[in-house]
Amino acid sequence: MPRYRRLLAVLMMFIAVPGGVALAQAVGAPRPWEMNMQPAFGPLKEQQIALHNLILVIITLITLFVGVLLVWVMWRYHATRNQAPTRTAHNTVLEIAWTVIPVLILVVMAIPSFRLVYYEDRTRDADLTIKVTGHQWYWEYTYPDNNNIDFTSYMIPDDQLKPGQRRLLEVDNELVVPVGKNIRVLQTSTDVIHSWFIPALGVQRYAIPGRTIETWFRADKAGTIYGQCNQICGTNHSHMPIVVRAVPGQEFNAWLVEAKTKFSDAGQQTREIAAAEVRH
Ligand SMILES: [Cu+2]
């Protein structure tokens, strides 16, 4: 009974996911039947969820209020119940109220909103800087604090995926970062505008040619976090995913040593990039 089994699998997922987070490897990725935002991996996303929840309450109350008012007006002032309509044209108190109250509501929404925009903008105390360069159609990551380690990150095509890997989301070289550290991200692009978007980290920033745009993030737990380019950037826009692997400090240092040898020949990298661009 495949349908029954599928339903069971979905149910299991709802049970397994919260439990899974507590286990060894947390995963920040989209899930089937997802109705909410992805669970937070760090402070940016936590604050985004808090702002979202606040605004959701406000707009729900407004919608209910306006809806009830509309239904009441339709019922109360229907021609059969209100045969001699009033000729009222002005009501100063009412007009001031329906101007001032919405302004106050907007101010209540604007204050936490602006606070969050500035919080996401840059970190005052970065532990590590990473440069992200968008290319048609892959990402390039540079670690200026660590011998300028530089590598490209390409999507793994469908026919090379291992069992259990996510289609259109896996890459050959992940961006590796230490857990609990503030990561400053400097972004640019070499061709068109891309956007570095990682929902579970709460990061979404344009990569614009000729400009360097800053943002930051922090992963507060170890795990693998998936994202995608979300600015339409050409034919293979859907083929340039982002994978961030957040690992404990010691593991990160070990990775740095390994990466220094693995990606040591910067010249070779550059030549490969140039060759890839000619092929496209
Ligand atoms: Cu792109």
Side-chain angles (χ1 to χ4, degrees), residues 27-31 34 37-38 40-42 44-45 48 117 120-123 128-144 148-161 165-177 183-219 223-246 259 263 266 268-280:
V27 173
R31 291 194 301 272
E34 196 157 50
M37 288 192 275
Q38 289 179 25
F41 255 79
L44 265 60
K45 186 67 172 185
Q48 287 167 9
V117 165
E120 289 168 352
D121 190 46
R122 62 192 57 192
T123 172
L128 181 70
T129 301
I130 282 166
K131 191 181 167 207
V132 174
T133 311
H135 298 272
Q136 279 174 318
W137 289 274
Y138 59 95
W139 295 99
E140 178 189 355
Y141 300 123
T142 316
Y143 291 67
N148 266 328
I149 292 172
D150 178 278
F151 58 91
T152 57
S153 185
Y154 277 88
M155 188 194 77
I156 298 179
D158 287 5
D159 53 4
Q160 289 167 30
L161 283 176
Q165 282 195 312
R166 292 167 165 79
R167 187 176 164 267
L168 296 179
L169 280 179
E170 305 286 350
V171 298
D172 54 357
N173 299 315
E174 305 121 335
L175 178 73
V176 181
V177 296
I183 316 288
R184 176 192 289 128
V185 183
L186 301 175
Q187 282 184 227
T188 190
S189 164
T190 53
D191 35 51
V192 298
I193 301 177
H194 301 271
S195 178
W196 206 62
F197 173 47
I198 308 163
L201 287 172
V203 175
Q204 179 179 31
R205 269 294 192 279
Y206 280 136
I208 299 177
R211 288 193 66 182
T212 303
I213 295 181
E214 182 173 340
T215 187
W216 73 285
F217 69 84
R218 191 175 75 223
T224 309
I225 309 138
Y226 293 86
Q228 286 175 304
C229 176
N230 82 335
Q231 176 65 39
I232 299 215
C233 59
T235 314
N236 287 337
H237 163 62
S238 54
H239 289 51
M240 48 184 298
I242 298 150
V243 183
V244 177
R245 190 151 55 87
F263 307 115
Q268 177 62 24
Q269 279 278 321
T270 317
R271 281 193 296 280
E272 271 173 20
I273 294 163
E277 264 153 6
V278 168
R279 275 201 301 277
H280 286 304

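Order of listing sets the numbers, starting from 1, for every ligand and every atom in it.
Remark: Ser238 OG to Gln228 CD distance equals 8.0 Å, nearest 0.5 Å.
In this pair, Tyr138 and Tyr154 present their aromatic rings parallel. The plane angle is below 30°, not in the 30 to 60° band.
Considering only heavy atoms from C-beta on, Asn148 comes within 4.5 Å of Thr142 through its side chain.
Met240 contributes SD and Cys229 contributes SG; the angle these two atoms make at the Cu ion (ligand 1) is 110°, rounded to 10°.
Judged by distance alone, the side chains of Glu120 and Gln48 do bring a donor and an acceptor atom under 3.5 Å apart.
With a cut-off of 2.8 Å, the Cu ion (ligand 1) has no N, O or S atom of Gln136 in range. Residue contacts to the Cu ion (ligand 1): His194 brings an N, O or S atom closer than 2.8 Å.
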